[in-house]
There are 2 protein chains.
Amino acid sequence: MLGQWPDKAIERLSLYRRLLANLAAERVKFIYSHELAQKAGRTAAQVRRDMMILGFSGSPTKGYEVARLIEAIGGFLDAGGLQEIALVGVGNLGRAILSYFAGRRPNLSITAAFDSDPAKVDRVIHGCPCHRMEELASLVAVKSINTAIVAVPAGEAQAVADALVGAGVCGLLNFAPVRLRVPGAVFVENVDLTTSLEKVAFFARRQLLRQE
Amino acid sequence: MLGQWPDKAIERLSLYRRLLANLAAERVKFIYSHELAQKAGRTAAQVRRDMMILGFSGSPTKGYEVARLIEAIGGFLDAGGLQEIALVGVGNLGRAILSYFAGRRPNLSITAAFDSDPAKVDRVIHGCPCHRMEELASLVAVKSINTAIVAVPAGEAQAVADALVGAGVCGLLNFAPVRLRVPGAVFVENVDLTTSLEKVAFFARRQLLRQE
DNA sequence: ATCAAACTGTGAACGGATTCACAGCGTGAA
DNA sequence: TTCACGCTGTGAATCCGTTCACAGTTTGAT
Ligand SMILES: NC(=O)c1ccc[n+]([C@@H]2O[C@H](COP(=O)([O-])OP(=O)(O)OC[C@H]3O[C@@H](n4cnc5c(N)ncnc54)[C@H](O)[C@@H]3O)[C@@H](O)[C@H]2O)c1
Ligand SMILES: NC(=O)c1ccc[n+]([C@@H]2O[C@H](COP(=O)([O-])OP(=O)(O)OC[C@H]3O[C@@H](n4cnc5c(N)ncnc54)[C@H](O)[C@@H]3O)[C@@H](O)[C@H]2O)c1
């Protein structure tokens, strides 16, 4: 089930939707695969392949209808209603994330934050209430939360992940520089900024060499 | 030159190094490919392939010598000396990044921040001086900066990228939800948290379905 | 009504990353 | 000294995402 749709394709669909939303705001009604590809930094064939995943059809002469395509991607990516997300660790990064996602997407919303620091709990941060860790299991259950963001220090991440998985969460977005050990039924996406930065630095150096 | 070493391999090497540093702290002297693989969430064969990239050899009976392997990865990934990094956009995310990377890695350091907000410039934030945008070109040149982090609002990102590239930067770590248009000689790594979160939410929902 | 043009939809080809599978090797035991 | 073991190093095979290439389609022009 996990491999049925490659996660790369899911990423592209998410990107397409954002690009299309911009186009819709500019009153663009139709778009060709090569135009969307250009904006997404992909090939036209790739875009058309991705349309196949959606089962979405365009017109050979007009291209894809922007409004309907946005809807089709939403029907594929989004849950039926609101999907609530939990955030654990309201530190520097956690707060940045809260501020960014606050009220941004209608279908995806961080509605519960948790922290072990007594100074941070029982108050609302960027519109999201911050709770004590003791409340995690019950709140996750009550709100049927299946997705959580881990933004605690590396040493705490595994314990937090265990608690989340124990509470029923089966999708984790992990910012801690650790590989979480979780049951196979749990999807983990690691955002590893140290690695990303090292990679950019590495290739930047290589580009310099090439230019010389 | 860019495709010579797949960027996936660079990411893994960066991860290996961090895992190995933890092991070294625990006084572990040698490690087998399957042990490192397990920690990194990869296969043993993959680890051995990556050792080939480094031209690094292990002993059939002891495995790889941790200290020497850390050094070998450093020799491959790191610049000769200190590689300085610039950060543009000292908002919520920019500050989190500054606090995180402050004095963390010896070879990679964010030594110049820039912001267009007069309230933020001409002071030191998390140990990093924040400058006016007007100073960007000259400081990048003086410090020989080739790598930069873009953490400004989406609408500003392209202009900022143009300024950075114009100043000679050829590696960008971009947090803005936009595809930057840059010359082919510039390496761009996009960190797209909206897409990452949508992806996790999508697979978390699928996992639920599978369990039922 | 016919045709030219430019797109879409998709089977097939491709290529690069991953995994397999095993020869070669160093070591410790007998 | 010899042997058995379990690892490394790596050519070959495999897998899977991407791209190619073209038949099919729609529309606007003549
Ligand atoms: N800030 C960044 O830009 C950045 C970059 C890369 C990685 N990271 C990683 O993200 C994580 C968070 O980074 P940060 O800069 O926000 O750190 P931080 O120290 O500012 O925040 C960590 C927060 O987690 C809370 N916490 C600690 N232990 C906890 C526990 N057991 N349960 C619940 N909450 C707990 C703390 O009270 C604090 O509020 C770290 O793992 C860090 O390595 C951050
Ligand atoms: N905060 C997050 O967790 C998060 C998540 C995903 C994406 N992002 C993206 O990262 C970027 C920054 O997010 P943020 O939350 O820090 O936003 P923010 O509004 O808090 O900070 C933006 C900073 O950029 C500065 N700035 C604006 N225009 C500039 C310009 N032309 N030149 C230089 N500086 C300029 C502002 O003064 C401000 O300090 C945005 O593109 C956002 O979409 C942030």
Side-chain angles (χ1 to χ4, degrees), chain A residues 1-16 20 23 28-70 72-73 76 179 189 195 199 202-203 206, chain B residues 1-16 20 23 28-69 72-73 76 179 190 195 199 202-203:
Chain A
M1 197 62 124
L2 220 172
Q4 184 160 353
W5 293 295
D7 72 334
K8 290 264 185 75
I10 306 300
E11 289 180 15
R12 287 193 300 269
L13 288 173
S14 167
L15 173 60
Y16 295 158
L20 290 165
L23 288 169
V28 175
K29 297 293 182 212
F30 289 86
I31 188 166
Y32 293 120
S33 62
H34 67 265
E35 294 172 314
L36 184 52
Q38 199 266 320
K39 285 178 188 296
R42 305 287 162 173
T43 65
Q46 175 97 77
V47 169
R48 295 202 297 275
R49 274 272 177 250
D50 291 335
M51 298 301 106
M52 285 178 75
I53 292 178
L54 299 175
F56 189 84
S57 286
S59 142
T61 42
K62 296 186 174 174
Y64 302 96
E65 193 179 338
V66 172
R68 277 186 51 237
L69 180 48
I70 290 173
I73 296 177
F76 184 82
R179 273 6 223 197
E189 168 85 358
T195 286
K199 186 167 73 164
F202 176 83
F203 283 114
R206 298 213 70 75
Chain B
M1 200 62 127
L2 221 171
Q4 183 160 353
W5 293 295
D7 71 336
K8 290 262 185 75
I10 305 301
E11 289 179 15
R12 287 193 301 269
L13 289 173
S14 168
L15 173 60
Y16 297 158
L20 291 165
L23 289 169
V28 176
K29 298 291 182 213
F30 288 87
I31 188 166
Y32 293 120
S33 62
H34 67 265
E35 295 172 315
L36 184 53
Q38 199 266 321
K39 284 178 189 295
R42 305 287 164 172
T43 65
Q46 175 99 79
V47 169
R48 294 201 299 274
R49 274 270 178 249
D50 290 337
M51 295 305 105
M52 285 178 76
I53 292 179
L54 298 175
F56 190 83
S57 286
S59 139
T61 42
K62 297 186 174 173
Y64 301 97
E65 193 179 338
V66 173
R68 276 187 51 236
L69 181 47
I73 296 176
F76 184 82
R179 278 0 227 198
N190 292 294
T195 285
K199 186 167 73 166
F202 175 82
F203 283 114

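Residue numbers start from 1 in every chain, and the chains themselves are labelled A, B, ... in the order their sequence lines are given, proteins ahead of strands.
Between the CD1 atom of I53(A) and the P atom of dG9(C) there is a distance of 14 Å, rounded to whole Å. Regarding L13(B), its CG atom lies at a distance of 13 Å from the P atom of dA17(C), rounded to whole Å.
Side-chain N/O atoms of R49(B) and base N/O atoms of dT19(C) include a donor-acceptor pair closer than 3.5 Å. In terms of polar N and O atoms assigned as donor or acceptor, the side chain of R42(A) never comes within less than 3.5 Å of the base of dG17(D) in a complementary pairing.
Comparing atom distances between the P60(B) side chain and each of dT18(D), dC25(C), dT25(D) picks out dC25(C) as nearest. Among the nucleotides dC7(D), dT18(D), dT10(D), the one closest to the side chain of H34(B) is dC7(D). Taking every side-chain heavy atom of T43(B) into account, dT19(C) is the closest of dT19(C), dT18(D), dG9(D). Among the nucleotides dG9(C), dC25(C), dG9(D), the one closest to any side-chain atom of R48(A) is dG9(C).
The shortest distance between the side-chain N/O atoms of T61(A) and the OP1/OP2 oxygens of dA6(C) is not below 4.0 Å. Phosphate contact (OP1/OP2 of dG17(D), side-chain N/O of Q46(A), threshold under 4.0 Å): absent. In this model, the phosphate group of dG9(D) is not approached by any side-chain N or O of Y32(B) to a distance below 4.0 Å at OP1 or OP2.
Within 4.0 Å of M51(B), counting heavy atoms only, lies no atom of the nucleic acid at all. If you check every strand for non-hydrogen atoms under 4.0 Å, S59(A) touches sugar and phosphate atoms only.
Along DNA chain C, the nucleotide closest to K62(A) and the one closest to A45(A) are compared, and the more 5′ of them pairs with K62(A).
Side-chain contact between V47(A) and Y32(A) is absent, with no heavy atoms from C-beta onward closer than 4.5 Å.
Counting non-hydrogen atoms of other residues, nucleotides and ligands closer than 6.0 Å to NZ of K39(B) gives a total of 12 or fewer.
In terms of heavy-atom proximity, R12(B) sits nearest to D50(B) at NE-OD2, 2.7 Å. Counting all heavy atoms, side chain and backbone alike, A72(B) lies closest to F56(B) at CB-CD1, 3.5 Å.
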